[in-house]
Number of protein chains: 2
Amino acid sequence: MARWEPGTADRLRTAALELFEEKGFSATTVPDIVGRAGLTQRTFFRHFSDKREVFFGDDEIPRIATRMIEGAPPEVEPLSLITAGLRALAGSRFEPRRNQMRVARRIIEAEPALRERDLLKQADLRDAIRAGLEGRGVDPLDARVFAGLGVELIQIALERWLQDPEGGSLVSHLDAVQDSIRAAFGSAATRSG
Amino acid sequence: MARWEPGTADRLRTAALELFEEKGFSATTVPDIVGRAGLTQRTFFRHFSDKREVFFGDDEIPRIATRMIEGAPPEVEPLSLITAGLRALAGSRFEPRRNQMRVARRIIEAEPALRERDLLKQADLRDAIRAGLEGRGVDPLDARVFAGLGVELIQIALERWLQDPEGGSLVSHLDAVQDSIRAAFGSAATRSG
DNA sequence: GTCTATATCGCGATAGAC
DNA sequence: GTCTATCGCGATATAGAC
């Protein structure tokens, strides 16, 4: 694909992230970015549908999730599938990037426009999981619930991991959150509360 | 404050929703909207911070949630608080508006920009619940988990209620989703999957 | 209320890669 | 030649400043 300049998108992303750090997200204009990258505005918008997209990857996480779910043996239960998948993602994609993620998270939290986009990415992951589980024959409601809870699980664990002053591992936070979930909704507590 | 036209925001919202139905959200411009409402663009942006906000209420749901949580007797458990609160919201805010919500939902689902905003509103509710529970002394992780699961619960129930061809009540869907959650994560199933 | 910066997208032309 | 990434120009809408 990169027949022309192998790293056009990367150059744009690098320039953009530098500028976001220097001047903040909203104070950085697309002309600023393309100026630094030595490209034109039109090129920027061919690589990124909007300025916020610079922040987020190529939606590889939902694709990885889909592949994991499709590739697992049919007898694996949904909960195991999800917890195992999240652990694999934690080890391969998140744990090695802790510092980058901390920086990115700080900028995202400060900017409602970026929070929105981040939430949309979470929703995409949720839907990938849901569709994958349905494809394995899981009941649609249960698939939706597993997906929703799975994404909340990883999300809460990520939040706490990135803030953890003790430097605990993401996996240990996943364990803690999962325990909390089980305690919260797992009992036979009354429904009509 | 509404010294001149008591219903300015309403007139703008009505005109906007009509146009969204007629031409679609992105094909409708703010000049279109203010033209139909007989107002100026400046007035539009004084009432709505952006075009998408027309779709969403005044953030009254998180405020209601905060009030409910703060007003409950201290001995009420978080899960009861949440399920009771959701039932109250269901009866007072959602059930009476089923048809409007169906129409809105269809437009929102079709437009990524609106899905983003919708997800942000959900996040606001989540944070209101989380803060309310923390204010009652609930452990921060547990508060975050209750809030996250509570919002997933109402959200999934809403999705299914709005699509339900049988016309089941929102409360019955809340029950079903809660059962599914309990079954999904409630068992002592292995964590390391 | 008016004015303006900025994001976004369409179109036609170009130019290196195969 | 045929692709396709890039460019240059231009149009329009949003959103915020004055």
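We name chains A, B, ... by the order of the sequence lines, and we start the count at 1 in each one. As the structure is a prediction and not an experimental result, all values here were calculated from the model. What's counted below: heavy atoms across the whole structure, side chains too, no hydrogens, waters or symmetry copies.
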Categorize A:Ser49 for me: base, sugar-phosphate, or nothing, with a 4.0 angstrom heavy-atom threshold over every strand shown.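 It contacts sugar-phosphate atoms only.
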How are the rings of B:Phe20 and B:Phe55 set to each other: parallel, tilted or perpendicular (split at 30° and 60°)? parallel
side-chain hydrogen bond (donor to acceptor under 3.5 Å, both in side chains) partners for A:Arg117, two or more places apart: A:Asp50, A:Glu53, B:Glu116
Spell out, as yes or no, whether a donor-acceptor pair under 3.5 Å connects the side chain of A:Arg87 to the backbone of A:Leu174.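 A pair under 3.5 Å: no.
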If you compare every side-chain N and O of A:His47 against the phosphate oxygens of D:dT6 (OP1, OP2), does one of them come in below 4.0 Å?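 Checking A:His47 against D:dT6: at least one side-chain N or O falls below 4.0 Å of OP1 or OP2.
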Rounded interatomic separation in angstrom, taking [atom1] from [X] and [atom2] from [N]:
| X | N | atom1 | atom2 | result |
| --- | --- | --- | --- | --- |
| B:Arg42 | C:dG1 | CZ | C1' | 8 Å |
| B:Phe44 | D:dA13 | CZ | P | 14 Å |
| B:Phe25 | C:dT8 | CZ | P | 13 Å |
| B:Phe48 | D:dA15 | CZ | P | 13 Å |
| B:Glu53 | D:dA15 | CD | C1' | 14 Å |

Report the nucleotide, chosen from D:dT6, D:dC7, C:dT2, that has the shortest atom-to-atom distance to any side-chain atom of A:Thr8.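 Taking heavy atoms from C-beta onward, the closest nucleotide is D:dT6.
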Which residues pass the salt bridge (Lys or Arg N to Asp or Glu O under 4.0 Å) test with A:Asp59, not counting sequence neighbours? A:Lys121
A:Glu77 atom CD, neighbour heavy-atom count above 12 within 6.0 Å: no
Flag for B:Thr29-B:Asp32: side-chain donor and acceptor within less than 3.5 Å: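 Per modelled atom types, B:Asp32 and B:Thr29 side chains form a pair under 3.5 Å.
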Determine whether a donor-acceptor pair (one donor, one acceptor, N or O, separation below 3.5 Å) exists between the side chain of B:Arg46 and the base of D:dG16.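 Such a pair does not exist between side chain and base.
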Filtered N/O pairs between nucleotides 3-7 of chain C and protein, under 3.5 Å:
unit_1	atom_1	unit_2	atom_2	d
C:dA7	OP1	A:Val30	N	3.4
C:dA7	OP2	A:Val30	N	3.3

